[in-house]
Amino acid sequence: MSEKVRVRFAPSPTGPLHIGGVRTALFNYLFAKKHGGDFVLRIEDTDQNRYVEGAEQYIIEALNWCGIPYDEGPNKDSGFGPYRQSERKHLYKKYADELIATGNAYYAFDTSEKLDFHRIDHEAKGKTFIYNWHNRLKLDNSLSRSPEEVKAHLDSGADYVIRFMTPQDEKLKLSDIIRGEIEIDTNILDDKVLFKSDGMPTYHLANIVDDHLMEITHVIRGEEWLPSLALHQQLYDAFGWKAPLFAHLPLIMKPVGKGKLSKRDGEKMGFPIFPLSWKESIGYREAGYFPEAVVNFLALLGWNPGTEKEIFSLEELVQTFSLERVNKSGARFDPDKTKWYNHHYLQAKSDGELAKLYNSVLADKGIPRDACNENYVEKVVSLIKERATYVSDFWELSSYFFIAPSSYNDKAVKKQWKEGTSEIMNQLVSALKDIDDFSSEVVETQVKTWIAAQELSFGRVMPPLRLVIVGDMKGPHLFDIMSLIGKEESITRIQKALNTL
Ligand code: GLU
């Protein structure tokens, strides 16, 4: 590639970014970084009616959280700004005018009531109303009216739109990096609105003008924009501009059944659909996902490395990513796989890092700081993390390291606390008192020796011991737990159980 690669992520600030939008941003980012190019963020806010307060901030925060910040965009101008289309408003009119002057577009005056009437009328006859070559001369526009009438209408300040004049009987050849060559018959296309008399361009005009002015070399976006490609290509041709290369990413599909992944799927099946929380919807960040996990699972939604490898750091993705390895067909979203990734990245973190994260949970639980010095929490984490998917699982898995059980699992009590158990536990306390070095290995050897000497079975001692130490039959190696909570606390717990059971 000789020219500098420039790609853009161009969301409309109409709400929070869907996880699919994050994937689009990610693929743009990976492509840009792989080719030493620029990753631009452009805010497409021409539709003021759909503008949602806070959405732009949300988008920026989401990209930052994922570790894929933009190089160029709002508040990071590299000479191609502004990067919000509402701030570029003044730019677009002249391009719409240029298309009129070159005969590629025309004014249309049809009222929305008239157009609605045609639409409903067509629907009633089982047809779809299309505004194009076959009927434009029968509709109200600068092609069907005399030049004087058109001038009078425009001078009067009445409403108008500017429509693209799609040619008749042409075969358009389109090209997409992922999908290859596509041929489209222009007769099926409609004359899309490019500009409105409120001074605002529509998405189509603003999008291609900006891609041109911002020197975008590759347009990487969701498959839902594929139907717009024919118009966009024609606009580039009409202006005489070199079009960027296009790549339309496959849809992300529902975990089960047909159709694309929606917010409802997440609500029904209990997984986040947004990177960060938005109103009452919990985001991946708040649900306890690590950004590395989100980036990793998103990368494999539609792209495949061509190997069995599933774990990729962002750097590895940058190295390996190519648009040629993006699939055409939809990528099924698998919520279990997202958990699998998070579990993996959690295991990969150091105990120190996890302890830091866990400390804030412990603080919320009211565990006094001195009860959980950094070292202690690290050791706890090292014993239980294997079973955790999220840091938020830690408490459930390890509360007994911080507070003695206040109750005991009923079923386990019935099964483990038998005739004579109290007596055995009592004697065990004496045996424990004699152990000076309370390391896991020493306690284990001593207790096992004691069990043998008493001619007891393991099953008579170990399960009830676990029950009184943990409150349940769960947890890691019991001697690790006892060693960590210490001799005194272990003995206190046994004695407490002797009083209550
Ligand atoms: N503003 C469009 C969107 O919301 C951008 C589509 C494109 O990338 O061309 O997704």
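This one's a predicted model, so the numbers in the text were calculated from it and none came from an experiment. All ligand and atom numbering here is 1-based and tracks the order in the structure.
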Quiz prompt | Distance-only side-chain donor-acceptor flag, N104 / T102, under 3.5 Å | solution = yes
Exercise. Would you check if the distance from the ring center of F402 to the ring center of Y376 is below 6.0 Å?
Key: yes
Exercise. Answer yes if the side chains of Y29 and D71 hold a donor-acceptor pair under 3.5 Å, and no otherwise.
Key: no
Self-check item: Residue list, side-chain hydrogen bond (donor to acceptor under 3.5 Å, both in side chains) with Y95, at least two apart or on another chain
Solution: none
Return a table of N or O atom pairs, ligand 1 on one side and protein on the other, at distances under 3.5 Å, rounded to 0.1 Å.
unit_1   : atom_1 : unit_2 : atom_2 : d
ligand 1 : 1 (N)  : A10    : O      : 2.8
ligand 1 : 1 (N)  : S12    : OG     : 3.1
ligand 1 : 1 (N)  : E44    : OE1    : 2.7
ligand 1 : 4 (O)  : S12    : N      : 3.4
ligand 1 : 4 (O)  : S12    : OG     : 3.2
ligand 1 : 8 (O)  : R8     : NH1    : 2.7
ligand 1 : 8 (O)  : R8     : NH2    : 3.4
ligand 1 : 9 (O)  : R8     : NH2    : 2.9
ligand 1 : 9 (O)  : Y203   : OH     : 2.8
ligand 1 : 9 (O)  : N207   : ND2    : 3.1
ligand 1 : 9 (O)  : R221   : NH1    : 2.8
ligand 1 : 10 (O) : W225   : NE1    : 3.4

Quiz prompt | Short side-chain donor-acceptor distance under 3.5 Å, N342 and Y284 | solution = no
Quiz item: Is there a donor in the side chain of Y203 and an acceptor in the side chain of E44, or the other way round, less than 3.5 Å apart?
Solution: no
